[in-house]
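These values consider heavy atoms only, across backbone and side chains, with no hydrogens, waters or symmetry-generated copies. Computed from a predicted structure; not experimentally measured. Below, chains carry the letters A, B, ... as their sequence lines are ordered, and counting in each starts from 1.
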Amino acid sequence: MNPLLPTPDALPIPGPAPLFTGLLHLTFVVHLIAMNFLLGGGVLLIVALIRRKATGDVHDRTLARLSKLLPTLFSATVTTGVAPLLFMQVLYGNFFYTSSIVMAWPWFSLVLVLIAAYYLMYLNSFRGPALGGARGAVICIAVLLTAFVGFLFSNNTSLMLTPETWGPLYFAAPGGTSLNTGEPMLWPRYAHMVLGAVAVAGLGLALLGRRERGDAELGRHLVRHGLTVFGVMTAVNALGGVGYLMGLKRDVMLLFMGDSPHATGLMGAGIALTLALILLAFRARSRDGAGLGLLSGLTALTLAVMVLMRHEVRDAYLGAAYQPQSFAVQTQTLNIAIFAALLVGGLITVVWMVRKLLQAS
Amino acid sequence: MNYPVWELAMGAGVLMALVSVLHVFVSHFAVGGGLWLVLTEARADRRGDADLRAHVKAQSKVFLLVTLVFGAITGVGIWSTAALISPHGIMALIRAYVWGWAMEWVFFVVEIAAALVYWYGWEKLDARTHRIVGWIYFIAAFMSLVIINGIVTFMLTPGGWLETKEFWTGFFNPTYWPSLVLRTGASLAMAGLFTLLTASFLKKGATRTWATRWSGGWVLAGFGITLLTSFWYDAALAGAMDAVAGTLGLPGWNELTTGALPVLPQVLWYFKLGLVAAMALSLWPLLAPSLWNPAGGVLIFLAGLLAFFGGEWAREAARKPFTIYGYMYSTGVLLADEPALAETGVEASTRWLNPASDTPEARGKDLFRAWCQPCHTMDSYNGLRPFLARWSEEQTAEMLPRLQHMRAQMPGWPAGDRAVADLAAYLRGEGAKGDASFPADPDAAGRLAWDLHCGLCHTVDGYRELRSSLEGMDRGELEELVDGVADLMEEMPPYLGDDVAREHLLNYLETVATPAATEGSES
C-alpha cells in the first residue's frame with residue numbers, strides 16, 4: 001500500500017456504497033451527453049465557420065443555430081457535472097483531493113478557464129455577426145478553452161488512479177504546478193473523449209435538423225452532415241478506443257481481453273454497439289434521418305457501457321488501495337427519500353418549463 | 001496530517017477568501033434578484049409600462065450573465081478551491097452532508113433551467129407563464145440558500161452534532177435561523193445594489209425615477225433586515241461558542257472578541273460599517289432619484305462589498321483554528337485525536353514528508369508545510385517572518401511546544417525534540433531573510449517588542465490582560481519580571497530576546513505600568 005495515500009474520512013458514508021456508485025454512473029452519463037454536445041458542438045461550430053462561403057448559406061445558418069445553442073449547452077454541462085463530482089467524492093475523495101493538490105494551479109485555473117470560455121460563448125451568441133473578423137478568433141478560443149477544461153479533467157481523473165506517481169510529482173513541485181503528462185494513458189484517454197464528443201455532437205446536429213421546421217434546406221443539411229460526422233467519427237474513435245486500451249497498464253488491459261469476464265463482456269458489448277451505431281448512422285443518412293430515435297437510444301446505451309468500462313479501469317488501477325467495503329455505513333434513509341422526491345419534482349418542473357418554451361417558439 | 005499541502009505564498013486563506021467573497025456576493029444577488037425580477041415585471045404588466053418592462057428585460061440579461069456564468073462557476077470554484085486548501089474538511093463535510101448537497105443540486109438545476117427559460121422566454125411565453133417561470137427561479141434559488149445556509153452555519157456552530165453526528169441536528173444548528181434571515185436580507189439588498197447600478201444608466205424619465213427609488217428601497221430594507229438580525233445572530237453565535245467553550249475548554253465569545261482572536265473585532269467592524277454606509281447611501285436614490293448617477297451606483301456597490309467582505313471574513317475568523325468548530329482543526333487533526341497525537345508525536349502522524357529531506361532545514365520545511373501552512377504564510381496572510389526575523393532559534397524552539405497557550409487559539413504541537421529542532425532550524429533560516437531591525441519611533445518599537453514577546457498570549461486590557469498586574473511597577477520591578485518570567489508558571493517561556501528588544505519592551509511596559517501614560521494603548 002502506498003504510504004502517501006490519505007486514509008478516508010472517519011465519518012461513515014450516509015448510504016450504501018453501491019447507491020453512490022449507481023448515482024455516480026447515472027449522473028455521469030447525463031453529464032457526458034451534455035458535455036459531448038457542448039465540446040463536439042464547438043468543434044462543429046468551427047467546421048461551419050470554415051465551410052461558410054457567404055452570409056446566409058447553409059453553413060452560415062448552421063453557424064447561427066449552433067452559436068445560439070452553445071451557451072445553454074454550457075449551462076447544461078456545468079449543472080449536470082456537479083452531481084457526478086459530488087457522488088465521486090463520497091467514495092474516492094482521498095484519491096481525488098490528493099491528485100488535485102498535486103496539480104493545484106492547473107486545477108484551480110479551471111474556474112478561470114470555464115468563466116472565460118462561457119463568456120466567449122455568450123459573446124458569440126449575442127453579438128456573433130457584429131464581431132466581424134474577430135468572430136473566428138472568439139469562437140476558436142472559446143472552443144479551445146472548453147477543450148482545455150476536458151484536458152484538465154483527464155489529467156486529474158488519470159492522476160488520481162496512480163498514487164505511486166504522486167510523491168515524485170508533489171515533492172518536485174509542492175507549489176502544485178504539475179500535470180499528469182508523464183502518464184501513458186493520458187493522451188489516448190483524452191483523445192478518446194474528444195473524438196467521442198465530436199461524434200455524439202454530430203448526432204445532436206442531426207436531431208436538431210429533424211426538429212427544424214421553418215428552413216427545410218437547413219434541416220436536411222443538418223441531418224445529413226450530422227450523421228456523416230457521427231458515423232465517421234464513431235469509426236475513427238473505435239481506433240481511438242484501441243489506442244486507449246493499449247495505453248492502459250498491461251494487467252488492466254488484459255482484464256478487457258479475457259482476464260475478467262465482466263470487463264471483457266463490457267468490451268464485447270461496446271464493440272458490438274459501436275459497429276451497430278456506424279451501420280445505423282449511414283442507414284439513417286441515406287433515409288433522410290429515419291431511425292434517429294433508435295440511434296439516439298443506442299448511443300446513450302453505448303455511453304453507459306463506456307462509463308462502466310471506465311469504472312472498471314478506475315477500480316483496477318486502484319486495486320487494494322480502494323476498499324469501499326471498509327467504509328462504515330450509516331444510511332440516511334429520510335434524506336435519500338427527500339432527495340429522490342426533489343429530483344422527481346425538479347425534473348418535472350424543468351420539463352414543464354422547457355416544453356412551454358419550445359411550444360411557444 | 002493526511003494530505004499534501006499546496007504551497008502557496010499568498011496564503012491559502014487569501015485565495016479562499018477571494019473566491020468565496022466574490023461568489024457569495026453574486027449568489028446573494030441571484031436569490032434576491034429573482035424576487036426583484038418577478039415583482040418588478042408584475043408591476044410593469046399591471047400598468048402596461050413598456051419602459052419598465054424593458055428595464056426588467058435588460059436586467060434579466062445582466063442577471064443571466066452575472067449569476068449563471070460567474071455565480072455558478074465560482075460556486076463550483078469555492079468547492080474545488082476548498083478541496084485544494086482543506087481536503088480533510090471537505091471530505092468530512094461531504095460524508096456528513098452529501099445528501100444536503102444533492103438536494104441543493106436539484107434546486108441548482110431548476111434554478112439554472114428557469115433562468116434560461118425566463119431569458120429566452122421574453123416575448124415568446126405569455127406574460128403569466130413568464131412570471132410563473134420567474135417565481136420558479138426565485139423559489140429554487142432561495143431553496144439553495146436554505147440548504148447551503150445549513151451547511152455553512154454547521155461549520156461554525158455544529159451544536160448538538162458534536163455529540164450526535166446527526167444530519168438535521170447539525171443542519172438546524174444554533175445559528176441556522178438568524179443566519180438565514182440575515183442572508184435573506186442581504187440577498188434583497190444585493191438585488192437593490194445591482195439594479196441601482198443599471199438604473200443609473202436609464203434615460204431620464206418617470207420609469208427611471210420609479211426604478212431608482214424602488215431599488216434604493218431594496219437596499220435600505222434588505223440591509224436593514226441584515227443589520228437588525230446581526231444582533232440576533234451575534235447573540236446566537238456567542239451562545240453557541242460559550243456552550244462549546246464550556247465543554248471543550250476553548251475560549252468563549254467574550255474572550256474571542258476582546259483579543260483571543262485578534263482579527264475578529266476589526267472585521268466585524270468592517271461588516272457593520274459596510275452595512276451602515278450602504279444604507280446611508282441608499283437614501284440618495286430614495287430621496288433624490290433624479291440626481292442618481294453611475295458614480296453613486298459604484299459607491300453603494302463598494303459599500304455592499306465591504307459589508308460582505310467583513311461578514312464572511314468574520315465568520316471565517318470566528319471559526320479559526322477549526323474547519324468544523326470543536327471537531328476538526330484547520331490542519332485536519334480531529335480534536336478527539338489530540339491525545340493520540342500527543343502519544344505518537346507529530347512526525348509519525350505526518351504522511352507527506354519528503355524522503356529526500358536529509359537536513360534539519362529540509363525536514364523542518366516538510367513539517368512547516370504540513371502543520372503551519374494551512375493557516376500561515378511567511379510574508380502574507382498570518383505572516384510569520386516579522387516574528388521569526390527578530391527571534392533567535394532558541395526562542396523559536398521555546399515557543400513551538402507552547403503554541404496551545406497563544407491567544408489566537410492555536411492547537412498544540414506535540415513534537416519530539418528532533419522535530420522541534422528541525423522546524424526551529426527551518427524557521428530561523430526563513431527569519432534570517434527578514435528585517436530584524438526595530439522602528440526608529442520609540443512608541444512603535446516598544447509596541448513591536450510587546451507583540452514579539454508578551455502580545456502573543458496577552459493583551460493590555462482585554463483577553464488575559466496584563467495592565468492590572470503591571471500597574472504601579474517601577475523600571476526595576478519590570479526588569480526583574482522580564483528576566484524571571486519563566487519562573488511565574490510552566491506555560492511561560494523564558495525571555496530570550498536580545499538587549500535592544502529588551503530595552504524597547506521595558507519602555508513599553510513602563511507606559512502600561514504608569515497610569516498617566518496609558519492613553520490609546522490597547523490590544
Point to revise | Portion of B:V98 that has a non-hydrogen atom of chain A nearer than 4.5 angstrom | key: both

Revision key, fill the gap. Turns out that what part of A:Y122 lies under 4.5 Å from chain B's heavy atoms comes down to side chain

Practice item. Using a 4.5 Å cut-off on heavy atoms from C-beta on, say whether the side chain of A:T98 contacts that of B:P87. Key: no

Revision key, fill the gap. CD1 of B:I94 to CE of A:M88, rounded to nearest 0.5 Å, is 9.5 Å

Point to revise | Winner by heavy-atom pair count (cut-off under 4.5 Å) against chain A, out of B:P355, B:A102, B:A113, B:A83 | key: B:A102

**Study point:** Least distance between heavy atoms, B:M91 atom then A:Q89 atom
**Key:** CE-O, 4.1 Å

Exercise for review: Determine whether B:K165 and A:P12 make a side-chain contact, defined as any pair of heavy atoms from C-beta on separated by less than 4.5 Å.
Suggested key: no

Exercise for review: Find the one option among B:W101, B:W79, B:F108, B:F70 whose heavy-atom pairs under 4.5 Å with chain A are most numerous.
Suggested key: B:W79

Exercise for review: Answer whether the closest heavy-atom distance between the side chains of A:N335 and B:Y97 falls below 4.5 Å.
Suggested key: no

Review point. For chain B, which of A:F171, A:Y118, A:F339 has the most heavy-atom pairs under 4.5 Å?
Key: A:F171

Practice item. Measure distances from B:L125 to the heavy atoms of chain A and classify the residue's part below 4.5 Å as side chain, backbone, both or neither. Key: both

Revision key, fill the gap. Looking only at heavy atoms, the pair that brings A:T79 and B:W105 closest together is O-NE1, 2.7 Å

Practice item. To the nearest 0.5 Å, tell me how far B:R351 CZ sits from A:L4 CG. Key: 8.0 Å

Check your understanding: Which bit of A:T349 is near chain B, if near means a heavy-atom gap under 4.5 Å: side chain, backbone, both or neither?
Key -> side chain

Exercise for review: Considering only heavy atoms and a distance below 4.5 Å, find which of B:A92, B:G121, B:G77 pairs most often with chain A.
Suggested key: B:A92

Point to revise | Separation between CD of B:E7 and OG1 of A:T177, rounded to the nearest 0.5 Å | key: 10.0 Å

Review point. How long is the gap from CD1 on B:I90 to CG on A:D9, to the nearest 0.5 Å?
Key: 11.5 Å

Review point. Counting heavy atoms not belonging to A:Q359, are there more than 12 under 6.0 Å from its CD?
Key: yes

Exercise for review: Write down the atom of B:V110, the atom of A:M353, and the distance for their closest heavy-atom approach.
Suggested key: O-CE, 4.0 Å

Practice item. Identify which of B:L334, B:V5, B:L116 forms the greatest number of heavy-atom pairs closer than 4.5 Å to chain A. Key: B:V5

Check your understanding: What part of B:L64 gets closer than 4.5 Å to chain A, counting heavy atoms only: side chain, backbone, both or neither?
Key -> side chain

Point to revise | Heavy-atom pairs under 4.5 Å with chain A, option from B:V109, B:L68, B:N354, B:V106 with the top count | key: B:N354

Point to revise | chain A contact via B:F107 - which portion, at a heavy-atom distance below 4.5 Å | key: side chain

Review point. Is a side-chain donor or acceptor of A:Y97 paired with a backbone partner of B:S86 at a separation under 3.5 angstrom?
Key: no

Point to revise | chain B contacts, top residue of A:L85, A:N94, A:V102, A:L110 (heavy-atom pairs, under 4.5 Å) | key: A:N94

**Study point:** Near-ring test B:W99/A:F20, centroid separation under 6.0 angstrom
**Key:** yes

Exercise for review: Look up atom CD in B:E166 and atom CD in A:Q332, then write down how far apart they are to the nearest 0.5 Å.
Suggested key: 7.5 Å

Check your understanding: Quick one: what part of A:F87 sits under 4.5 Å from any heavy atom of chain B, side chain, backbone, both or neither?
Key -> side chain

Point to revise | Contact origin within A:L112 toward chain B - heavy atom pairs under 4.5 Å | key: neither

**Study point:** Interface moiety of B:L65 toward chain A, non-hydrogen atoms closer than 4.5 Å
**Key:** both

Check your understanding: Looking at A:V354, A:L11, A:V111, which makes the most heavy-atom pairs under 4.5 Å with chain B?
Key -> A:L11

Check your understanding: Does the side chain of A:L334 come within less than 4.5 Å of B:F167's, by heavy atoms?
Key -> no

Exercise for review: May I ask you to check whether over 12 heavy atoms, not counting those of B:K61, lie within 6.0 Å of atom NZ?
Suggested key: yes

Revision key, fill the gap. From the list B:I73, B:V69, B:I112, side chain to side chain contact (heavy atoms under 4.5 Å, CB included) partner of A:V78 resolves to B:I73

Point to revise | Heavy-atom pair count under 4.5 Å with chain A, highest-scoring of B:A114, B:A356, B:S80 | key: B:A114

Review point. Who among A:L86, A:I13, A:L357 has the most heavy-atom pairs with chain B under 4.5 Å?
Key: A:L86

Study note, to complete from the structure: In terms of heavy-atom pairs under 4.5 Å with chain B, the winner among A:G93, A:G167, A:P14, A:A340 is A:P14

Exercise for review: Return the option, out of A:G175, A:G346, A:G176, with the maximum number of heavy-atom pairs under 4.5 Å with chain B.
Suggested key: A:G175

Exercise for review: Go through the atoms of B:Y327 and report whether side chain, backbone, both or neither lie under 4.5 Å from a heavy atom of chain A.
Suggested key: side chain

Practice item. For the residue pair A:W166 and B:W352, categorise the inter-ring angle as parallel (less than 30°), tilted (30 to 60°) or perpendicular (more than 60°). Key: parallel

Review point. Less than 4.5 Å apart, any side-chain heavy atom of A:F327 and any of B:R95?
Key: yes

Point to revise | Separation between CE of B:M103 and CD1 of A:I336, rounded to the nearest 0.5 Å | key: 9.5 Å

Review point. Taking the side chain as C-beta and beyond, is there a heavy-atom pair between A:W352 and B:I132 under 4.5 Å?
Key: yes

